[in-house]
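Okay, structure first, notes after.
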Amino acid sequence: QVQLVESGGGSAQAGGSLRLSCRISGVRAGANCMGWFRQAPGKEREGVAAIHRSSGRTFYADSVKGRFTISQDNAKNTLSLQISNLNPEDTAMYYCAATPNYIDWVTCRGRWTRGDFGDWGQGTQVTVSL
């Protein structure tokens, strides 16, 4: 059974940093595309970052480039999202997600763009104040 458990969210002031983590278990061997998404109240869910684990390629939304960094720790089976220079527009529920099988990086990027990931965590809330 796939389990994705996010942690690290909380309240922070604008200009600060947070590091979100996603503990991964039960993901099918070979599943190699993972991403972070967020959804703010009244807004659609958006993909903020993704990683094609086997190639190491990373993808970022234009709105977060230069501030968000996605990384993986295979030994610890975790996916992380480092967020720096927080601003109030980053306030949202953040979700970790994974595709269920092996795909190439082009397909990974396409699926992330569409939010077409099969497995999702419960989310961790990030709230940024001025």
Side-chain angles (χ1 to χ4, degrees):
Q1 182 179 355
V2 176
Q3 279 195 320
L4 305 171
V5 180
E6 303 93 337
S7 62
S11 298
Q13 289 195 320
S17 300
L18 282 174
R19 186 176 182 85
L20 308 184
S21 293
C22 176
R23 181 167 53 84
I24 308 159
S25 62
V27 172
R28 187 176 306 173
N32 65 339
C33 180
M34 298 197 69
W36 286 95
F37 297 78
R38 68 184 180 185
Q39 187 165 21
K43 294 188 177 180
E44 292 188 356
R45 185 181 63 197
E46 65 168 333
V48 294
I51 185 166
H52 184 247
R53 301 178 77 182
S54 50
S55 69
R57 289 179 185 265
T58 56
F59 316 110
Y60 295 95
D62 288 342
S63 59
V64 307
K65 279 181 181 176
R67 298 192 301 117
F68 286 30
T69 303
I70 188 171
S71 61
Q72 57 180 340
D73 185 333
N74 292 329
K76 296 182 179 179
N77 227 18
T78 59
L79 183 74
S80 298
L81 185 69
Q82 179 70 38
I83 307 174
S84 60
N85 195 20
L86 285 159
N87 61 63
E89 288 69 40
D90 295 323
T91 295
M93 186 71 80
Y94 284 72
Y95 299 91
C96 168
T99 58
N101 49 15
Y102 182 90
I103 53 178
D104 59 51
W105 73 265
V106 174
T107 304
C108 175
R109 183 176 63 184
R111 282 197 170 189
W112 168 69
T113 301
R114 299 189 303 271
D116 182 16
F117 278 49
D119 299 303
W120 295 82
Q122 293 299 305
T124 186
Q125 177 69 38
V126 171
T127 303
V128 183
S129 57
L130 291 172

Practice prompt. Indicate the atoms forming the closest heavy-atom contact of Ala14 with Pro88, along with that distance.
Written response: CB-CD, 4.3 Å
Fill in: Shortest non-hydrogen contact between Gly47 and Ala61, atoms and distance
O-CB, 3.4 Å
Worksheet entry | Donor-acceptor under 3.5 Å (Gln82 side chain, Phe68 main chain) | no
Worksheet item: Once the angle between the rings of Phe117 and Phe37 is folded into 0 to 90°, is it parallel (under 30°), tilted (30 to 60°) or perpendicular (over 60°)?
Response: perpendicular
Item to complete: Decide yes or no for Met34 and Leu4: does some side-chain heavy atom of the first lie under 4.5 Å from some side-chain heavy atom of the second?
Response: yes
Item to complete: For side-chain contact (heavy atoms from CB on, under 4.5 Å), just list the numbers for Gln125 and Thr91, CA-CA rounded to whole Å, side-chain angles, deciding distance to a tenth of an Å, and then say yes or no.
Response: CA-CA 8 Å; Gln125 177 69 38; Thr91 295; 4.1 Å; yes
Item to complete: Starting from the C-alpha separation in whole Å, work towards a yes-or-no answer on side-chain contact (heavy atoms from CB on, under 4.5 Å) for Cys33 and Tyr102.
Response: CA-CA 7 Å; Cys33 180; Tyr102 182 90; over 6 Å; no
Fill in: Heavy atoms from other residues, nucleotides or ligands near CZ of Arg67 exceed 12 (cutoff 6.0 Å)
yes
Worksheet item: Under the side-chain contact (heavy atoms from CB on, under 4.5 Å) criterion, do Glu46 and Ser63 qualify, and how do the steps go?
Response: CA-CA 10 Å; Glu46 65 168 333; Ser63 59; 4.1 Å; yes
Worksheet entry | Test item: Val126 and Leu20 side chains (from C-beta on) under 4.5 Å apart, heavy atoms | yes
Fill in: Interatomic distance, Leu130 atom CG to Leu86 atom CG [nearest 0.5 angstrom]
11.5 Å
Discussion item. Can you tell me how far apart NE2 (His52) and CZ (Arg57) are? Round to the nearest 0.5 Å.
Written reply: 9.0 Å
Fill in: Side-chain donor or acceptor of Thr124 paired with backbone N/O of Gly9 under 3.5 Å
yes
Discussion item. With rounding to the nearest 0.5 angstrom, report the CH2 to OG1 distance, Trp105 to Thr58.
Written reply: 11.0 Å
Fill in: Contact check, side chains of Val64 and Arg38, non-hydrogen atoms, under 4.5 Å
yes
Worksheet item: Is the closest side-chain heavy-atom distance between Asp119 and Pro100 below 4.5 Å?
Response: yes
Worksheet item: When you look at Arg19 and Ser71, which way does the side-chain contact (heavy atoms from CB on, under 4.5 Å) test go after all the steps?
Response: CA-CA 11 Å; Arg19 186 176 182 85; Ser71 61; 3.6 Å; yes
Worksheet item: So do Leu81 and Val48 actually touch side chain to side chain, heavy atoms under 4.5 Å?
Response: yes
Discussion item. Hydrophobic cluster membership, with links at side-chain heavy-atom distances under 4.5 Å among I/L/V/M/F/W/Y: are Trp112 and Ile83 in one?
Written reply: no
Item to complete: For Thr113 and Arg109, indicate whether the former's side chain and the latter's backbone hold a donor-acceptor pair under 3.5 Å.
Response: yes
Discussion item. Working to the nearest 0.5 angstrom, can you tell me the gap between Thr99 OG1 and Arg53 CZ?
Written reply: 9.5 Å
Item to complete: State whether a side-chain donor-acceptor pair under 3.5 Å links Ser54 with Asn32.
Response: yes
Item to complete: Could you grab the distance from atom SG of Cys96 to atom CD1 of Ile70, nearest 0.5 Å is fine?
Response: 8.0 Å
Fill in: Minimum side-chain heavy-atom gap Arg111-Ile103 below 4.5 Å
yes
Item to complete: Measure the CG-CD1 distance between Asn77 and Ile24 for me, rounded to the nearest 0.5 Å.
Response: 5.0 Å
Item to complete: Report yes if some heavy atom in the side chain of Leu79 is under 4.5 Å from a heavy atom in the side chain of Ser21; otherwise report no.
Response: no
Discussion item. Can you tell me how the ring of Trp120 sits relative to the ring of Tyr95, calling it parallel under 30°, perpendicular over 60° and tilted otherwise?
Written reply: perpendicular
